[in-house]
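The block underneath contains the structure these notes are about, expressed in structure tokens.
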Amino acid sequence: QVQLVESGGGLVQAGGSLRLSCGASGSIFSINGMGWYRQAPGKQRELVAVITSDGSTNYADSVKGRFTISRDNAKNTVYLQMNSLKPEDTAVYYCNARITRRVLFTTRDYWGQGTQVTVSS
């Protein structure tokens, strides 16, 4: 079994900051890309930021310069530092990781349960 557990969401005023964390645990052989996605009410889930195992990053245009993704490979954890938050950043944020499991060495995407981020104006 593999689990992704997120933390760090909450309510913040516009211009404020939040830091999301997502830890992977279980029968893990290796973790390739990790990332954050978000889904606002009535909208499709969209990519926020991704990071490869060697640290290369990619961001949605809407968050460039405000959000920073990072990871700690020793802890199987990915972070999202969100600064200068705007009301339009309000959404449920989901962690994603492409994980190869031990023993059978199967690889697939795993998702966290989601954490709510609400930015008030």
Side-chain angles (χ1 to χ4, degrees):
Q1 281 245 346
V2 171
Q3 272 191 316
L4 297 182
V5 179
E6 299 137 340
S7 61
L11 172 65
V12 65
Q13 287 190 331
S17 298
L18 283 174
R19 189 189 194 214
L20 305 182
S21 300
C22 172
S25 62
S27 182
I28 297 171
F29 175 74
S30 65
I31 302 178
N32 302 313
M34 302 184 83
W36 291 93
Y37 292 71
R38 67 186 181 187
Q39 188 167 18
K43 294 188 176 181
Q44 288 191 331
R45 189 173 298 188
E46 63 176 3
L47 180 146
V48 176
V50 292
I51 184 168
T52 65
S53 56
D54 62 0
S56 297
T57 60
N58 192 31
Y59 296 90
D61 288 342
S62 59
V63 307
K64 281 181 182 176
R66 300 188 298 122
F67 291 10
T68 302
I69 189 170
S70 61
R71 64 191 281 175
D72 184 333
N73 291 330
K75 295 181 179 180
N76 290 338
T77 299
V78 63
Y79 305 96
L80 186 68
Q81 178 66 45
M82 305 185 292
N83 298 328
S84 302
L85 282 160
K86 304 175 181 180
E88 51 264 43
D89 294 318
T90 295
V92 177
Y93 284 69
Y94 296 91
C95 170
N96 168 271
R98 178 152 292 186
I99 294 174
T100 299
R101 291 186 59 178
R102 288 200 295 254
V103 182
L104 295 179
F105 297 102
T106 53
T107 301
R108 72 170 180 91
D109 285 337
Y110 290 84
W111 293 88
Q113 79 283 1
T115 185
Q116 177 71 46
V117 171
T118 302
V119 184
S120 63
S121 57

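Between the side chain of Ser62 and the backbone N or O of Ala60, no donor-acceptor pair lies under 3.5 Å. In this structure a side-chain-to-backbone donor-acceptor pair under 3.5 Å is missing from Tyr59 to Leu47. Side chain of Glu46 to main chain of Arg38: no donor-acceptor pair is present (N/O by atom type, distance under 3.5 Å, no hydrogens or angles). Between the side chain of Arg45 and the main chain of Gln39, no donor-acceptor pair closer than 3.5 Å is present.
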Considering only distance and modelled atom types, tabulate donor-acceptor pairs under 3.5 Å from the side chains of residues 29-36, sequence neighbours left out.
none

Under 3.5 Å, which donor-acceptor pairs do the side chains of residues 98-105 form with other protein atoms, sequence neighbours left out?
unit_1 : atom_1 : unit_2 : atom_2 : d
Arg98  : NE     : Asp109 : OD1    : 2.9
Arg98  : NH2    : Asp109 : OD1    : 3.4
Arg98  : NH2    : Asp109 : OD2    : 3.1
Thr100 : OG1    : Thr107 : OG1    : 2.6
Arg102 : NH1    : Ile28  : O      : 3.4

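Using a 3.5 Å distance cut-off with no hydrogens or angles, the side chains of Asn83 and Ser17 do pair a donor with an acceptor. Donor-acceptor pairing under 3.5 Å is recorded for the side chains of Gln116 and Thr118.
Residues that satisfy the side-chain hydrogen bond (donor to acceptor under 3.5 Å, both in side chains) test with Ser21, not counting sequence neighbours, are absent from this structure. Every residue meeting the side chain to side chain contact (heavy atoms under 4.5 Å, CB included) condition with Asp61, not counting sequence neighbours, appears here in chain and number order: Lys64. Every residue two or more places apart in sequence or in another chain that forms a side-chain hydrogen bond (donor to acceptor under 3.5 Å, both in side chains) with Thr52 is listed here: Asp54.
Here the shortest heavy-atom pairing between Tyr94 and Gln113 reads CE2-O, 3.7 Å.
Within the structure, every pair that satisfies the disulfide bond (SG atoms under 2.5 Å apart) test and touches residues 1-112, not counting sequence neighbours, is listed here: Cys22-Cys95.
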